[in-house]
Amino acid sequence: MPKSEFLREAEARGFIFQCTDMEALDAAMQAGPVGGYIGFDPTADSLHVGSLIQIMMLRLMHRHGHRPVALVGGGTAKIGDPSFREEARQLMTAETIATNLRGVEACLRQFLPLGTGPAEPLLTNNADWLDKLSYIDLLRDVGIHFSINRMLSFDSVRSRLEREQGLTFLEFNYSILQSYDFRELNLRHGVTLQMGGSDQWGNIVSGIDLVRRMNGAQVFGLTTPLLTTSSGAKMGKTAQGAVWLSAKRLPVFDYWQFWRNVEDADVGRFLKLFTELPIEECDRLAALEGAGINEAKKVLATEATALCHGRAAAEEAAEAARRTFEEGAVTAAALPTTTVPAALLAEGVPAFRLFVEAGFAASNGEARRLIRGGGARVNDVVVKDEAQVMTDADLIDGAIKLSSGRKRHILVQPA
RNA sequence: GGAGGGAUGCCCGAGUGGCUAAAGGGGGCGGACUGUAAAUCCGCUGGUGUACGCCUACGUUGGUUCGAAUCCAACUCCCUCCA
């Protein structure tokens, strides 16, 4: 049982999967503030729920007086992490990386009060040092510490080698650069802990080795469990795709809904991981029986959304959900909205077309099937005829509410 | 370098000349039941069109045939074994 507050709470909340040296890390954390970092690769212009456990970990550190460091992989993104991947990642262009970096940083800012003071969360970019490396120097200074034999033995790499897809030299170097990051952060900011998902274990351990050899410092690694839902699905994937943290990618209402629709069995676990309510409160809510658990889900949704998008937006989403689901209101201001050319409605547009415009169907045929199946509603009235024509006359408060199934709603406005 | 095997729809996977828009499963979407849950049951699941249809699709290209996912040739990629 760890003694430091951070590790105790992290363990109690379910953040810890593996640690390289729990006792020593515990001792270090009791002795004083520890700098710990997590890397985020800019593979898209927003992070998604899959990275949330890492972000929450950084917040948890901060709350306990340690210094969280968020590293964005502006440099490593040029290579792509091959760990546990079946195929090589598509290489990204410099412009894509730059765009993604801005998006990822914005996501991190949503959660972390960044600053430069010794106790404030720090944001760094490994392009700052990786871009400057010279190949020969790197080989001599860093390469000499890596054993190919050992690198080949990592699970994350082995599967790639043993199975079909090969592993290019480019990708093989990812691990070395990530290790080098640890060393740089240790030198520059005194970081002594690297955290990450359990799939990062191999990379983290390599980094610890490198820091010991190059800097002569003892540093630590801590991984979080791979999160799945109770029914085994990978956390954070929904029908629509990833659950994005950026409101540009996923409306706040939908983000709230994601948490609201979590399986019963996951509520307690998620409350502890993705909200900052006291553990006892999480346990109390998770213990609610039957339909009562829905109250816990609402708390989860609002709390988790508040951390991501702010309290006000979260409350608004909760209210929109209440009006939509509990009162059956036709329009609720905070529902996601989209626009269609005003001319469409002025001239009259078939309902199926509108469902396509709203993104509820990928093709006219799919929209027709939705209507045939009885799952399409306009202003809460089931659409019976696929050819039904919508016009300006269908606007209510300047918008038409489209619903696909019980749960997906959107307001369509002419523009 | 040599010898075999393989490439099918979002994924897995059946299919060896017409009955194949292509079995079955998964996933997804919708419906029922419920609690905006899970489990279960039902329907749908290439595009276009109201519809007979038309278009696109079984690694790529070309060929045989009235007709090809299925036969032939070349090419590309992958796997296994030998050296």
Side-chain angles (χ1 to χ4, degrees), chain A residues 85-88 158-168 228-243 251-271 285-302 304-305 314 317-330 332 334-336 348-353 355-356 358-378 380-389 401-410:
Chain A
R85 292 189 54 98
E86 306 253 314
E87 294 170 30
R158 208 168 45 196
S159 56
R160 272 286 283 280
L161 293 178
E162 284 176 358
R163 256 182 284 154
E164 41 218 272
Q165 306 284 348
L167 183 69
T168 64
T228 54
T229 68
S230 294
S231 34
K234 207 169 179 179
M235 169 86 190
K237 295 277 181 196
T238 68
Q240 297 354 289
V243 179
V252 177
F253 178 82
D254 291 333
Y255 189 77
W256 192 93
Q257 282 297 318
F258 167 74
W259 295 104
R260 172 64 183 82
N261 284 308
V262 145
E263 293 173 31
D264 287 8
D266 291 327
V267 174
R269 209 156 47 101
F270 288 1
L271 277 166
L285 286 166
L288 291 173
E289 300 276 331
I293 194 84
N294 282 330
E295 293 311 312
K297 290 186 192 179
K298 288 179 200 167
V299 173
L300 170 65
T302 303
T305 305
E319 175 60 14
R322 195 185 63 77
R323 294 189 50 190
T324 305
F325 289 99
E326 293 175 25
E327 289 179 7
V330 174
L335 285 181
V349 59
F352 70 83
R353 201 58 220 128
F355 278 88
V356 175
F360 280 172
S363 65
N364 291 346
E366 196 177 311
R368 290 195 142 99
R369 271 178 247 130
L370 177 69
I371 293 173
R372 262 178 240 153
R377 276 164 297 142
V378 170
D380 288 322
V381 178
V382 175
V383 182
K384 296 221 172 61
D385 177 9
E386 3 180 320
Q388 182 178 325
V389 174
K401 179 186 180 188
L402 297 186
S403 307
S404 167
R406 295 276 153 222
K407 293 192 200 169
R408 301 169 65 201
H409 306 282
I410 197 164

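- Checking side-chain atoms of K401(A) against main-chain N and O of D380(A) turns up no donor-acceptor pair under 3.5 Å.
- E366(A) pairs by the side-chain contact (heavy atoms from CB on, under 4.5 Å) definition with A361(A), A362(A), S363(A), R369(A), not counting sequence neighbours.
- We find that CG of L370(A) is positioned 18 Å from P of G43(B), with the value rounded to whole Å.
- At a threshold of 4.0 angstrom between heavy atoms, the contacts of A376(A) with the nucleic acid are absent.
- Remark: the separation of the P atoms in G4(B) and C72(B) is 15 Å, to the nearest Å.
- Applying the side-chain contact (heavy atoms from CB on, under 4.5 Å) criterion to N364(A), with sequence neighbours excluded, gives F352(A), R353(A), V356(A), R368(A).
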- [ ] Classify every nucleotide of nucleotides 49-54 of chain B by which part a protein heavy atom approaches to under 4.0 Å, writing B for the base, S for the sugar-phosphate alone and - for neither, in 5'-to-3' order.
- [x] SSS---
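- U40(B) and A32(B) make up a base pair, with Watson-Crick or G-U wobble contacts both under 3.5 Å.
- Ring pair F325(A)/H409(A) is perpendicular by interplanar angle, where above 60° counts as perpendicular and below 30° as parallel.
- Contacts of R260(A) with the nucleic acid, taken as non-hydrogen atoms under 4.0 Å apart, include base atoms.
- No engagement by V267(A) is indicated, since no non-hydrogen atom pair under 4.0 Å with the nucleic acid exists.
- Contacts of R322(A) classified as salt bridge (charged side-chain N to carboxylate O under 4.0 Å, His left out), with partners at least two apart in sequence or in another chain: E319(A), E327(A).
- Look at CZ on F325(A): it is 18 Å from P on U34(B), rounded to the nearest Å.
- Residue S363(A) places at least one side-chain N or O closer than 4.0 Å to OP1 or OP2 of U48(B).
- G290(A) comes within 4.0 angstrom of a nucleotide base, judged by non-hydrogen atoms across all strands.
- No donor-acceptor contact under 3.5 Å links the side chain of E366(A) to the base of U45(B).
- Pair check for A74(B) finds U60(B); Watson-Crick or G-U wobble, both atom distances under 3.5 Å.
- Base-pair partner of C19(B): not found among the strands shown (Watson-Crick or G-U wobble, both distances under 3.5 Å).
- Remark: G1(B) base-pairs with C82(B); criterion is Watson-Crick or G-U wobble with both hydrogen-bond distances under 3.5 Å.
- For the pair D264(A) CG and U34(B) P, the computed distance is 16 Å after rounding to whole Å.
- Across all strands, S404(A) comes closer than 4.0 Å only to sugar-phosphate atoms, never to a base (heavy-atom distances).
- Separating the C1' atom of C81(B) from that of G46(B) is a span of 40 Å, rounded to the nearest Å.
- Applying the salt bridge (charged side-chain N to carboxylate O under 4.0 Å, His left out) test to D254(A) and every residue at least two apart in sequence or in another chain returns nothing.
- Using N1 to N3 plus N6-O4 or O6-N4 for Watson-Crick, or N1-O2 and O6-N3 for G-U wobble, each under 3.5 Å, G53(B) pairs with U48(B).
- If you measure from atom NZ of K298(A) to atom P of A37(B), you get 13 Å, rounded to the nearest angstrom.
- Spacing of C1' atoms, A21(B) relative to C54(B), comes out at 13 Å, to the nearest Å.
- R269(A) is linked by a salt bridge (charged side-chain N to carboxylate O under 4.0 Å, His left out) to D266(A), counting only residues two or more places apart in sequence or in another chain.
- A straight line from CZ of F270(A) to P of A37(B) spans 16 Å, rounded to a whole angstrom.
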